[in-house]
2 protein chains.
Amino acid sequence: MAAARQIAGPCQAWPEDSAFIREVLDRIGDKWTVLTIGTLSAGSLRYSDLQASIPGISQRMLTQTLKHLERDGLLTRTAYAEVPPRVEYELTDLGRSLVDAVTAMVGWAAAHHGEIAGNRAASELAGVGRARAAISASAD
Amino acid sequence: MAAARQIAGPCQAWPEDSAFIREVLDRIGDKWTVLTIGTLSAGSLRYSDLQASIPGISQRMLTQTLKHLERDGLLTRTAYAEVPPRVEYELTDLGRSLVDAVTAMVGWAAAHHGEIAGNRAASELAGVGRARAAISASAD
DNA sequence: CAGCATCCGGCGTGATACTG
DNA sequence: CAGTATCACGCCGGATGCTG
């Protein structure tokens, strides 16, 4: 019940509490999850292809991410009992709906990350120490 | 623009590389960041109000989150040199644009988290039990 | 009231080695 | 090829105590 508090101004914009936010972030706030979903968004891939398509991911993280996504019904795992073992992973409809949401997120980031980087650089120049008094003369 | 992309081999669906995704997640993949942005979306608040409005957040995390957001230009910090110190935080336009994006995310989660929870529960019942059908008779 | 410094435990994460 | 198991490390994040 985080929503309705009695402090003066309007409070929480979202009715959901922090536990819910936490759940959301657990699902999509993970680098490898996002990358895996993105890589899979085009179609089904095998384990090794996945690993090759996601630079820097380890077996451990790939397997773990895949398991979580499968458990949540975001993708399907299909193992073929062949002599060279083959396993294919493919997004479900639910998983595809997440692609859209994440893409929106990435779109926002793409649109603003330059601005953010600029702000960050500026504040590091101006705000770091007490030396800012000297700089502010030239900066502002 | 999300899903439809052609793949054949090990290439990414998104042109951006993982470093970029990482940046995005560093910004919005954080529970406290999201909650802080959400709480501030209604208007400016003081430090203590913020802390009271975000259940479970510690000073450390609040301060840290606030600093990061200020550094990135997502919010402004205004300190009043009064005898009882007062500091107000308010979202910038950039910060507000993030609210929209995050709200979309939360909207997705709200629409599907029931489905996800169901899938998870189902796979926990069916997935592990493949090996031991026998124990289910004795255990349950 | 607003904020910082410090200690510390948990676990996310990667590297490596082994199995079916 | 497609994983599983183990270990070691770093960092996140909470609790506490102190300052201006």
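In what follows, chains are A, B, ... by sequence order, proteins preceding strands, each numbered from 1.
If you measure from atom CD of A:Q51 to atom P of C:dG14, you get 12 Å, rounded to the nearest angstrom. Whole-Å rounding puts the A:L25 CG to C:dC11 P distance at 18 Å. Atom CD1 in B:I54 sits roughly 12 Å away from atom P in D:dG14 (whole-Å rounding). Between the CD atom of A:E82 and the P atom of C:dG20 there is a distance of 20 Å, given to the nearest Å. We find that CG of B:L66 is positioned 17 Å from P of C:dC1, with the value rounded to whole Å. One atom, CD of A:Q64, and another, C1' of D:dT6, lie 15 Å apart when rounded to the nearest Å. Put simply, CG on A:D49 is 12 Å from C1' on D:dA2, counting in whole angstrom units. Summarising the geometry, the separation between CZ on A:R77 and P on D:dT4 is reported as 8 Å, rounded to the nearest angstrom.
When the options A:L45, A:L75, A:T76, A:T78 are evaluated for a side chain to side chain contact (heavy atoms under 4.5 Å, CB included) with A:E90, the one that passes is A:T76. Among the candidates B:V34, B:I28, B:T92, the single residue satisfying the side chain to side chain contact (heavy atoms under 4.5 Å, CB included) test with B:L98 is B:I28.
Residue A:R60 places no side-chain N or O under 4.0 Å from the OP1 or OP2 atom of D:dT6. Between D:dT4 and A:K67, a contact under 4.0 Å exists linking OP1 or OP2 to a side-chain N or O. B:S48 has no side-chain polar atom (N or O) that falls below the 4.0 Å cut-off from OP1 or OP2 of C:dC1. Distances shown here put every side-chain N or O of B:Y47 at or beyond 4.0 Å from the OP1 or OP2 atom of C:dC4.
At a threshold of 4.0 angstrom between heavy atoms, the contacts of A:D26 with the nucleic acid are absent. The residue B:Y89 sits close only to the backbone: its heavy atoms come under 4.0 Å of sugar-phosphate atoms, none of a base.
Considering only heavy atoms from C-beta on, A:D30 stays 4.5 Å or farther from A:H68 through its side chain. In this structure the side chain of A:L94 reaches within 4.5 angstrom of the side chain of B:H112, judged on heavy atoms.
For the pair A:P84 and B:Q59, nearest-nucleotide mapping onto DNA chain D gives the more 5' position to A:P84. Annotation: of the two residues near DNA chain C, A:W32 and A:P85, the 5′-most nearest-nucleotide partner is A:W32.
Between B:L62 atom CG and B:Y89 atom OH the span is 7.0 Å, to the nearest 0.5 Å.
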